[in-house]
Asker: 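The structure that follows is given in the form of structure tokens.
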Amino acid sequence: MIGLGKWQADIDNILFKGAAVFTIADENGNYKIDLELPGEDLGVTDIDIQNIQEDGDTLTGEAKVDILPGNKPCEISLTFTGDVCNGFLKVPFIGKIKVKDAKKIG
């Protein structure tokens with residue numbers, strides 16, 4: 001399994017600016033990703049990341065965010081190189097939110 005641990009990424013876009021922390025864990029042979037956003041700026045109460053698949057050094061999946069109209073899924077992709085992670089979260093109606101140079105913090 002790749003990317004296990006706690007990661008921090010600085011996000012800067014029109015919806016959110018700050019340090020996002022995500023934890024990737026092994027849950028009985030399946031990936032589990034928990035995302036923490038500081039503060040309540042977005043009013044996001046629940047981000048559910050599902051259908052996580054591993055392909056080489058990349059994890060892909062989909063996230064459901066309760067504030068999006070129709071609860072449309074967001075595409076997520078994270079690529080790991082050592083203790084650095086890059087990727088994106090593609091949000092309907094918004095576009096891609098880049099995850100650049102996330103660092104492993106735990």
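Throughout, numbering of the chain's residues begins at 1 and tracks the sequence.
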Asker: Sequence neighbours left out, what passes side chain to side chain donor-acceptor pair (under 3.5 Å) with Asn51? Give chain and number order.
Answerer: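 Scan of Asn51 (side chain to side chain donor-acceptor pair (under 3.5 Å), adjacent residues dropped) gives Glu62.
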
Asker: Listed by chain and number, what are the side chain to side chain donor-acceptor pair (under 3.5 Å) partners of Gln50, not counting sequence neighbours?
Answerer: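 With sequence neighbours excluded, Gln50 shows a side chain to side chain donor-acceptor pair (under 3.5 Å) to Asp48, given in chain and number order.
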
Asker: Mind listing the closest non-hydrogen atom pair of Phe22 and Cys85 along with its distance?
Answerer: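 Closest heavy-atom pair between Phe22 and Cys85: CZ-SG, 4.1 Å.
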
Asker: Assess whether atom CG of Asp26 is packed by more than 12 heavy atoms of other residues, nucleotides or ligands within 6.0 Å.
Answerer: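 Yes, the 6.0 Å shell around CG holds more than 12 heavy atoms from other groups.
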
Asker: Mind checking what makes salt bridge (Lys or Arg N to Asp or Glu O under 4.0 Å) contact with Lys32, not counting sequence neighbours?
Answerer: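 Partners of Lys32 under the salt bridge (Lys or Arg N to Asp or Glu O under 4.0 Å) test: Asp34.
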
Asker: Answer yes or no: is there a side-chain heavy-atom contact under 4.5 Å between Thr60 and Asp55?
Answerer: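 Counting from C-beta outward, Thr60 and Asp55 never come under 4.5 Å.
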
Asker: Under 3.5 Å, side-chain donor or acceptor atoms of residues 89-106 against the rest of the protein: list the pairs with distances, not counting sequence neighbours.
Answerer:
unit_1 : atom_1 : unit_2 : atom_2 : d
Lys104 : NZ     : Leu4   : O      : 2.9

Asker: Measure the spacing between CG of Asn30 and CD1 of Ile52 and express it to the nearest 0.5 Å.
Answerer: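 Those atoms lie 8.5 Å apart.
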
Asker: If you round to the nearest 0.5 Å, how far is NZ of Lys6 from CD1 of Ile24?
Answerer: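 With rounding to 0.5 Å, CD1 (Ile24) is 12.5 Å from NZ (Lys6).
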
Asker: Could you check whether any side-chain heavy atom of Trp7 comes within less than 4.5 Å of a side-chain heavy atom of Leu78, counting everything from C-beta outward?
Answerer: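 Sidechains of Leu78 and Trp7: no contact.
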
Asker: Does a side-chain heavy-atom distance below 4.5 Å link Glu75 with Phe88?
Answerer: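 Counting from C-beta outward, Glu75 and Phe88 do come under 4.5 Å.
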
Asker: Does Thr23 reach the side chain of Ile33, with side-chain heavy atoms less than 4.5 Å apart?
Answerer: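 Side chain of Thr23 against side chain of Ile33, heavy atoms only: no contact under 4.5 Å found.
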
Asker: Listed by chain and number, what are the side chain to side chain donor-acceptor pair (under 3.5 Å) partners of Thr58, not counting sequence neighbours?
Answerer: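 Listed in chain order: Thr79.
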
Asker: Would you check if Tyr31 and Ile2 make a side-chain contact, meaning some heavy-atom pair closer than 4.5 Å?
Answerer: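 When only atoms from C-beta onward are counted, Ile2 and Tyr31 do touch, with a gap below 4.5 Å.
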
Asker: Please identify each residue that fulfils side chain to side chain contact (heavy atoms under 4.5 Å, CB included) with Asp10, with sequence neighbours left out.
Answerer: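 Partners of Asp10 under the side chain to side chain contact (heavy atoms under 4.5 Å, CB included) test: Gln8, Ala19.
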
